[in-house]
Amino acid sequence: MDPQGQYNQFQQVPLMQPPHQTNGKAITALVLGIISIVILWLGAILGIFASLALKDIKRRHQGGRGLAIGGLVCGIVSIVLYVFLLFIVPNLPL
């Protein structure tokens, strides 16, 4: 209704925005980040991959930022665990 109490025949319909496409590198970074927790020495390599995914998401305005951050966090956790195990058990073959 307009201010005078009459119905407006031409009301605007809000435009639907297309959903953001999820970045494939972000999905890969999360999967590899989870794997890096099991295979600890992969963490450093996979952390680099996750940071590349974050840059790609920002540049292309895509979705999947949370996935890339999750992969980065998993990579950081695996690096910390690896260093911790190296100092606690120096003869441990990883």
Could you grab the distance from atom [atom1] of [X] to atom [atom2] of [Y], nearest 0.5 Å is fine?
| X | Y | atom1 | atom2 | answer |
| --- | --- | --- | --- | --- |
| I35 | T28 | CD1 | OG1 | 10.0 Å |
| L81 | I88 | CG | CD1 | 11.5 Å |
| L54 | L67 | CG | CG | 10.0 Å |
| N23 | R59 | CG | CZ | 9.0 Å |
| I76 | I37 | CD1 | CD1 | 11.0 Å |
| C74 | L32 | SG | CG | 10.5 Å |

Compare every heavy atom of A50 with every heavy atom of G71, then report the nearest pair and how far apart it is. C-CB, 4.1 Å
Nearest atoms (heavy-atom pairs only) where G75 meets S36: CA-OG, 3.9 Å
Hydrophobic cluster identity match, I48 and V73, side-chain contacts under 4.5 Å: no
Scan L85, I79, L86, V80 and name whichever one has a side chain to side chain contact (heavy atoms under 4.5 Å, CB included) with Y82. L86
Beyond-backbone contact of T22 with Q62, side-chain heavy atoms, under 4.5 angstrom: no
